[in-house]
K.L.:
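For reference, the structure I am asking about is given below.
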Amino acid sequence: MLKNSGGPSSMNILAVLQERFRAALAPLVEDPTDLLTMIRPSGDPKFGDYQANFAMPLGKKLGKPPHDVAAEVVAKLEVDDLCDPPEVAGPGFINLRVKDSWLAEAAGRALASERLDVTPAAQPRTYILDYSSPNVAKPMHVGHIRSTVIGDSLKRTLKFLGHRVIADNHIGDWGTQFGMIIYGFKNFLDRAAYQQEAVTELGRLYRLVNRLVSHLEAKQSLPALREQIEKQRAESARQAAAAKQTPADKNIAKAARRAEGNLKELEAALKEREAGIAAIENDPELSKLAAAHPDIDKSVLAETAKLHHGDEENLRLWREFLPPCLADIQKIYDRLGVTFDETLGESFYHDRLPGVVEEMISRGIARESDGAICVFLAGQPAPLVIRKQDGAFLYGTTDLATIQYRMERWKPDAILYVVDHRQSLHFEQLFGAARAWGYDQLELQHIAFGTVLGDDGRPFKTRSGDTVGLEGLLDEAVRRALEVVRTGDEHKPSGAEIAAEQQEVIAEVVGTGALKYADLATNRTSDYTFSYDRMLAMNGNTATYMQYAYARVRSIFARGDVDVAKLRASGGAIDLAHPAERSLAIGILQFSEALAQTAADYRPNLLTAYLYEVANRYSTFFEQCPVLKAPDEKTKTSRLLLCDLTARTLKQGLELLGIEVVEKM
RNA sequence: GCGCCUGUAGCUCAGGGGAUAGAGCAACGGUUUCCUAAACCGUAGGUCGCAGGUUCGAAUCCUGCCAGGCGUACCA
């Protein structure tokens, strides 16, 4: 946060305060930087707007009563222009209340600024953002939207703060799934369907082959699983007997419970696997196919290997399949308003892989183990495998080659991977290997996020157990948004005012916005429970509420026939006499702080929380402070200016989340 | 077994060393001759999983335990 602090003219109140305190603390400590992080917005309005909490630890360090230390610092502190006289409270809290006149002036500056006077980063960095990364020909699902939406928002935010950002979509266009599609194409193609809609047919082929391969693997794994169950059953019985003999020993009882649990888990897995096998075998079509392709697993690997080794026909097919698949993915990006600066898929790095492995070996970073080439890392139980026994490369190899390429081409300061938390081990290994390879000055971050759950607390699936397609998800959100827009319009005091076609345009913005916002608003490390009703609520922390607040502002301008350009140029002053006006203004002026925090922690939910706060304060202002019917012209102008600032802050903030606004809803 | 994540109000979630732990939904009560009432204001609701420890101060940091999820060398 401190590294982004602006100059004295900055709108970032916190940064200004930190500078003032830095000067006041200089005679007392060598480096006050740590203490300055202890200045923060007050938790309770009665303690003012900001509070400095460093006097307690500092008093301890200096061996003086904290209250005296606080008083000493306050005596040296020069904030007369900025704050009311600071107060020392409790054990040594320094409470600061920003002067209304200062707030009004700062608001005036924000008004005159394109970018709402948000301070750009003092030291711009180069970021590579790796997000979305769908697998070609595998349908995108609800997990991909989270990566896409979080990544897109971080991209927008970092760019807005003045950083150089390269958004690179690392598409899965070279993996085993192509072996499956090629095998399917050669054996099960419905040519008519392919000609009509290539992607749909390729998707069908992928799912069919994938199912047959899984079926085969399941069947092959049954004996081992049964054996494991027998062993576990014996173990469980042994533990149970031991527990019976010494009932007082808690550890033994616990072990017995655990063994029993393991057994149940294995039995459930067996049952599930058997049911899956039965499902195929009871299906006359599928069982015939399964019987006719008994080596399908090996054949698929062979097709993949042929592709990777430059086989003419497979390469030709790959080139044929790729464009329609990419176009299909692009359709979703267009609808979401998501863009990338580069789309360099796995295939792009194909040529580099042998060189990467050779270099890792020759430099002693990787070595052979069980026929595979591995990078063993201190503190890691498992190595990162970069070449399989059969000579094939893995995604870790590609990831290393990708880091190498990115360093050569962009020399980034940081690479951020917005990927499901389940891959955290992989990234730990990858980052360790990259550091061993010499990329130790580079910030490598796994921006992990949790799973999207359904109402039942299980991963979000349809009733029939399929993963939910993105397209359908969007359609449903938009359909429900249309209902919200329609009923909202009907309930307006002056009656409905939006034409049917316009309602549909609005519903698209509201529906996609709701979906994105839901992904952004929870702390990304935790799982979140998906609910259309909650995400489209007009109340609470939702995009809809924010969009509604924006539309209410715009409605005032429309109804009052206000020319916003003229208003801004009018030279009118902002006056903060009413508490709701003041609270709104200081909220708006904290935009810069919210963005700095969002960027520092790579957490868009800090920005959503901020916008919710602003929208909330606006609603209060809206209730308590008539604008068009303000008591006098001066107040009316001031309130209109506040409305304009609010609208611009909400619009800009939502834009950084990748969410649009509408003039009416 | 080991590793990572999670556990906060009935539900969904914020807060991740600072003063009395917050919001939305659900419940209860109030506000409309007034710029969008699907709004706003208020009431009620909590041993912050449990137990220790560090600290002037712990929901927050450390240790142990309990519960759930995920992962655990040649898939991505």
Side-chain angles (χ1 to χ4, degrees), chain A residues 38 40 42-44 46-47 51 53-54 56-57 59-60 66 89-93 95 133 135 138 172 175-177 254 258 346 369-376 379-396 398-399 419-426 428-429 448 450-451 453 457-459 484-485 487-489 491-494 497 521-523 525-529 531 533-534 536-542 544-545 548-549 551-560 605-606 608-609 612-613 616 619-620 622-630 639 643 664-665:
Chain A
M38 301 175 77
R40 47 170 52 229
S42 293
D44 190 321
K46 84 170 179 236
F47 300 131
Q51 59 181 44
N53 300 334
F54 56 70
M56 283 75 83
K60 182 110 185 156
F93 296 106
N95 292 333
S133 317
N135 279 309
K138 276 196 212 173
T176 322
Q177 85 267 26
K254 206 172 87 180
R258 201 165 281 172
E346 290 173 344
S369 167
D370 280 347
I373 303 300
C374 303
V375 181
F376 288 90
Q380 289 284 352
L384 179 73
V385 179
I386 56 175
R387 197 173 73 199
K388 299 203 284 187
Q389 284 173 332
D390 65 8
F393 303 108
L394 294 105
Y395 73 141
T398 311
D399 284 345
V419 181
D420 197 324
H421 75 284
R422 281 174 296 194
Q423 292 191 36
S424 57
L425 177 58
H426 168 70
E428 257 179 67
Q429 295 174 329
T451 311
L453 305 175
R458 314 265 326 144
V484 171
V485 171
T487 34
D489 197 35
H491 282 79
K492 280 175 190 164
S494 47
E497 57 174 14
T522 55
N523 188 338
T525 51
S526 39
D527 296 346
Y528 94 90
T529 312
S531 157
D533 287 335
R534 268 202 307 276
L536 284 162
M538 293 292 285
N539 236 327
N541 192 8
T542 67
T544 317
Y545 179 74
Y548 180 62
R552 290 214 290 184
V553 181
R554 302 299 301 171
S555 172
I556 290 179
F557 288 159
R559 216 161 273 267
N605 76 307
L606 298 176
T608 62
Y612 178 48
E613 185 66 37
N616 216 348
S619 290
T620 304
F622 184 88
E623 291 294 320
Q624 299 184 1
C625 304
V627 177
L628 296 175
K629 289 175 187 164
R639 288 182 179 171
C643 282
K664 282 181 191 172
M665 64 182 277

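Numbers restart at 1 for each chain; the letters A, B, ... are given by sequence-line order, proteins then strands.
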K.L.:
Taking OP1 and OP2 of B/G24, is either one under 4.0 Å from a side-chain nitrogen or oxygen of A/R534?
P.N.:
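Answer is no, no contact under 4.0 Å.
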K.L.:
What's the closest nucleotide to the A/H421 side chain, out of B/C70, B/A39, B/A76?
P.N.:
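Minimum distance to the A/H421 side chain belongs to B/C70.
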K.L.:
Taking only the P atom of each, what is the distance from B/A67 to B/A14 in whole angstrom?
P.N.:
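Here B/A67 and B/A14 have their P atoms 24 Å from each other.
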K.L.:
Using a 4.5 Å cut-off on heavy atoms from C-beta on, say whether the side chain of A/R554 contacts that of A/K664.
P.N.:
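A side-chain contact under 4.5 Å is absent here.
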K.L.:
Check this one for me: any side-chain N or O of A/T608 less than 4.0 Å away from OP1 or OP2 of B/A14?
P.N.:
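It does not, given that no N or O in the side chain of A/T608 lies less than 4.0 Å from OP1 or OP2 of B/A14.
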K.L.:
Base, sugar-phosphate or nothing for A/L628? Non-hydrogen atoms, less than 4.0 Å.
P.N.:
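Base contact.
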K.L.:
Of all the choices, B/A76, B/G18, B/C13, which nucleotide is nearest to the side chain of A/T522 once you look at every atom?
P.N.:
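From the listed options, B/C13 comes nearest.
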K.L.:
With a centroid cutoff of 5.5 Å and a plane-angle limit of 30°, would you call A/Y612 stacked on B/A23?
P.N.:
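The ring of A/Y612 is not stacked on B/A23.
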K.L.:
Which nucleotide, in any strand shown, forms a Watson-Crick or G-U wobble pair with B/A51, with both distances under 3.5 Å?
P.N.:
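Here B/A51 is engaged in a pair, and the nucleotide opposite it is B/U63.
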K.L.:
Determine the interatomic distance between P on B/C13 and the same-named atom on B/G69; round to the nearest Å.
P.N.:
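Roughly 16 Å separates the two P atoms.
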K.L.:
Given B/A39, is OP1 or OP2 found less than 4.0 Å from the side-chain N or O atoms of A/N539?
P.N.:
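Yes, A/N539 has a side-chain N/O under 4.0 Å of OP1/OP2 on B/A39.
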K.L.:
For A/G175, answer base if it contacts any base atom (sugar-phosphate contacts may also be present), sugar-phosphate if it contacts only those atoms, and nothing otherwise; contact means non-hydrogen atoms under 4.0 Å.
P.N.:
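No contact.
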K.L.:
Could you please name the partner base of B/U31, counting Watson-Crick and G-U wobble pairs only when both distances are under 3.5 Å?
P.N.:
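Paired with B/U31, as far as the under-3.5 Å criterion goes, is B/A39.
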K.L.:
Just to be sure I understand the rule, does A/K138 reach a base, reach only the sugar-phosphate, or reach nothing, if contact means heavy atoms closer than 4.0 Å?
P.N.:
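Nothing, no heavy atom under 4.0 Å.
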K.L.:
Does B/C13 have its OP1 or OP2 closer than 4.0 Å to a side-chain nitrogen or oxygen of A/T529?
P.N.:
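Answer yes for this pair, as a side-chain N or O of A/T529 is under 4.0 Å from OP1 or OP2.
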K.L.:
Ignoring hydrogens and angles, tell me if any N or O in the side chain of A/Q177 forms a donor-acceptor pair with the backbone of A/N135 under 3.5 Å.
P.N.:
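Not confirmed, A/Q177 side chain does not pair with A/N135 backbone.
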K.L.:
Does any part of the side chain of A/H421, heavy atoms only, come nearer than 4.5 Å to the side chain of A/D527, both counted from C-beta?
P.N.:
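Sidechains of A/H421 and A/D527: in contact.
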K.L.:
A/A537 near the nucleic acid: base, sugar-phosphate alone, or nothing, with a heavy-atom cut-off under 4.0 Å?
P.N.:
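Here A/A537 touches no strand at all.
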K.L.:
For A/F622, which contact category applies under a 4.0 Å heavy-atom criterion: base, sugar-phosphate, or nothing?
P.N.:
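Base contact.
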K.L.:
Over all strands shown, is A/A609 touching base, sugar-phosphate only, or nothing at heavy-atom distances under 4.0 angstrom?
P.N.:
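No contact.
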K.L.:
According to the interplanar angle, ranging from 0 to 90°, do the rings of A/Y612 and A/Y545 count as parallel (below 30°), tilted (30 to 60°) or perpendicular (above 60°)?
P.N.:
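Perpendicular, since the angle between the ring planes exceeds 60°.
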K.L.:
Examine B/U6: is either OP1 or OP2 under 4.0 Å from a nitrogen or oxygen in the side chain of A/T525? Give yes or no.
P.N.:
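So the side chain of A/T525 is within the cut-off, an N or O lying under 4.0 Å from OP1 or OP2 of B/U6.
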K.L.:
Counting only side-chain heavy atoms from C-beta out, which of B/G69, B/A76, B/G15 sits nearest to A/Q423?
P.N.:
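The answer is B/A76, which lies nearest to the side chain.
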K.L.:
Taking only the side-chain heavy atoms of A/P383 (C-beta and beyond), determine which of B/C13, B/A73, B/C40 contains the nearest atom.
P.N.:
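Comparing B/C13, B/A73, B/C40 against the side chain of A/P383, the answer is B/A73.
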K.L.:
When you measure from the side-chain N and O atoms of A/N541 to the phosphate of B/A14, is any distance below 4.0 Å, counting only OP1 and OP2?
P.N.:
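No, because none of the side-chain N or O atoms of A/N541 sits under 4.0 Å from OP1 or OP2 of B/A14.
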K.L.:
Between A/Q429 and A/Q380, is any side-chain donor less than 3.5 angstrom from a side-chain acceptor?
P.N.:
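No pair is found: no donor N or O on one side chain lies under 3.5 Å from an acceptor on the other.
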K.L.:
Using atom C1' of each nucleotide, how far apart are B/G46 and B/G10 to the nearest Å?
P.N.:
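About 12 Å, rounded to a whole number of Å.
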K.L.:
Quiz question: by atom type and distance under 3.5 Å, do the side chains of A/H426 and A/D399 form a donor-acceptor pair?
P.N.:
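The criterion, which ignores hydrogens and geometry beyond distance, is satisfied for A/D399 and A/H426.
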K.L.:
Taking only side-chain N and O atoms of A/S555, does any of them lie within less than 4.0 angstrom of OP1 or OP2 on B/U36?
P.N.:
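Checking A/S555 against B/U36: at least one side-chain N or O falls below 4.0 Å of OP1 or OP2.
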K.L.:
OP1 or OP2 of B/A39 versus the side-chain N and O atoms of A/S619: is any pair under 4.0 Å?
P.N.:
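So the side-chain polar atoms of A/S619 never come under 4.0 Å of the phosphate oxygens OP1 or OP2 of B/A39.
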K.L.:
Using a heavy-atom cut-off of 4.0 Å across all strands, would you classify A/V484 as base, sugar-phosphate, or nothing?
P.N.:
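Base, at least one base atom sits under 4.0 Å.
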K.L.:
If we call it a pair only when both distances are under 3.5 Å in a Watson-Crick or G-U wobble match, what pairs with B/A23?
P.N.:
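Across all strands, the one nucleotide that pairs with B/A23 is B/U12.
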K.L.:
For the pair A/D489 (side chain) and A/E497 (backbone), establish whether a donor and an acceptor sit closer than 3.5 Å, ignoring hydrogens and angles.
P.N.:
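Side chain of A/D489 to backbone of A/E497, a donor-acceptor pair under 3.5 Å: yes, one is there.
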K.L.:
By the 4.0 Å heavy-atom rule, please label A/P57 as base, sugar-phosphate, or nothing.
P.N.:
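Counting heavy atoms under 4.0 Å across all strands, the contact made by A/P57 includes a base.
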K.L.:
Counting N and O atoms only, with roles assigned by atom type, does the side chain of A/T542 sit under 3.5 Å from a partner on the main chain of A/M538, one being a donor and the other an acceptor?
P.N.:
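No.
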K.L.:
By the 4.0 Å heavy-atom rule, please label A/K629 as base, sugar-phosphate, or nothing.
P.N.:
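Sugar-phosphate only.
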K.L.:
Report which part of the nucleic acid A/D399 touches: base, sugar-phosphate, or nothing (heavy-atom distance under 4.0 Å, all strands).
P.N.:
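The residue A/D399 makes no contact with any strand.
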K.L.:
Verify the contact: side-chain N or O of A/N605 to OP1 or OP2 of B/G15, cut-off strictly under 4.0 Å; return yes or no.
P.N.:
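Yes, A/N605 has a side-chain N/O under 4.0 Å of OP1/OP2 on B/G15.
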K.L.:
Less than 3.5 Å apart, any donor N or O on the side chain of A/N523 or A/T525 sitting next to an acceptor on the other?
P.N.:
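Side-chain D/A pair, A/N523 to A/T525: present.
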K.L.:
How far does the P atom of B/A9 sit from the matching atom of B/G15, given to the nearest Å?
P.N.:
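Pairwise P distance, B/A9 against B/G15, rounds to 15 Å.
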K.L.:
With C1' as the reference atom in both, quote the distance from B/G71 to B/U55 in angstrom, rounded to an integer.
P.N.:
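Those two atoms are separated by 35 Å.
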K.L.:
Pick base, sugar-phosphate or nothing for A/D390, based on heavy-atom distances below 4.0 Å to the nucleic acid.
P.N.:
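Touches nothing.
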K.L.:
Identify which nucleotide among B/A73, B/C40, B/A19 has an atom closest to any side-chain atom of A/V385, counting heavy atoms from C-beta outward.
P.N.:
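Selected nucleotide (nearest to the side chain): B/A73.
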K.L.:
Using both distances under 3.5 Å as the test, list the Watson-Crick or G-U wobble partner of B/A58, or none.
P.N.:
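Pair assignment: B/A58 / none.
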K.L.:
OP1 or OP2 of B/U36 versus the side-chain N and O atoms of A/R559: is any pair under 4.0 Å?
P.N.:
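Checking B/U36 against A/R559, a side-chain N or O does come within under 4.0 Å of OP1 or OP2.
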K.L.:
Nearest heavy atom decides the nucleotide; on that basis, is A/S42 or A/G488 closer to the 5' end of RNA chain B?
P.N.:
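Looking at the nearest nucleotide for each, A/S42 comes out on the 5' side.
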K.L.:
Rounded to whole angstrom, note down the P distance from B/A58 over to B/A19.
P.N.:
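That atom pair is separated by 11 Å.
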K.L.:
Watson-Crick or G-U wobble partner for B/G46, using a 3.5 Å limit on both distances?
P.N.:
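B/G46 is paired with nothing.
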K.L.:
Would you please confirm or rule out a distance under 4.0 Å between OP1 or OP2 of B/C11 and any side-chain N or O of A/Y528?
P.N.:
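For A/Y528, the contact criterion (side-chain N or O under 4.0 Å from OP1 or OP2 of B/C11) is not met.
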K.L.:
For B/G71, what is the paired nucleotide under Watson-Crick or G-U wobble rules, both distances under 3.5 Å?
P.N.:
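B/C2 is the nucleotide pairing with B/G71.
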K.L.:
Please pick, from B/A14, B/U36, B/C35, the nucleotide with the shortest atom-to-atom distance to any side-chain atom of A/V627.
P.N.:
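Nucleotide nearest to A/V627's side chain: B/C35.
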K.L.:
Where the side chain of A/Q51 is concerned, which of B/A14, B/C4, B/G18 is the nearest nucleotide?
P.N.:
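Of the options given, the side chain of A/Q51 lies nearest B/G18.
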K.L.:
Which listed nucleotide (B/C13, B/G18, B/C35) is nearest to the side chain of A/M38?
P.N.:
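Nearest to the side-chain atoms of A/M38, counting from C-beta on, is B/G18.
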K.L.:
Would A/C374 and A/R387 satisfy side chain to side chain contact (heavy atoms under 4.5 Å, CB included), going step by step from the backbone distance to the final call?
P.N.:
CA-CA 7 Å; A/C374 303; A/R387 197 173 73 199; over 6 Å; no
K.L.:
Tell me what A/S133 touches on the nucleic acid: a base, only sugar-phosphate, or nothing, going by heavy atoms under 4.0 Å.
P.N.:
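A/S133: no heavy atom of the nucleic acid under 4.0 Å.
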K.L.:
Does the side-chain ring of A/F47 sit on the six-membered ring of the B/A19 base, less than 5.5 Å centre to centre and under 30° in tilt?
P.N.:
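Stacking between A/F47 and B/A19: present.
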K.L.:
Looking at every strand, decide which applies to A/P91 at a 4.0 Å heavy-atom threshold: base, sugar-phosphate, or nothing.
P.N.:
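Nothing, no heavy atom under 4.0 Å.
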K.L.:
Which listed nucleotide (B/G24, B/C35, B/G18) is nearest to the side chain of A/M56?
P.N.:
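Closest of the options to the side chain of A/M56: B/G18.
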K.L.:
Could you measure between the two P atoms, the one in B/C48 and the one in B/C4, and give it in whole Å?
P.N.:
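One P to the other, the span is 26 Å.
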K.L.:
Using the P atom in both, what is the distance from B/G1 to B/G17, to the nearest Å?
P.N.:
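That atom pair is separated by 31 Å.
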K.L.:
If only side-chain N and O atoms of A/R552 are considered, is one of them under 4.0 Å from the OP1 or OP2 phosphate oxygen of B/A37?
P.N.:
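So the side chain of A/R552 is within the cut-off, an N or O lying under 4.0 Å from OP1 or OP2 of B/A37.
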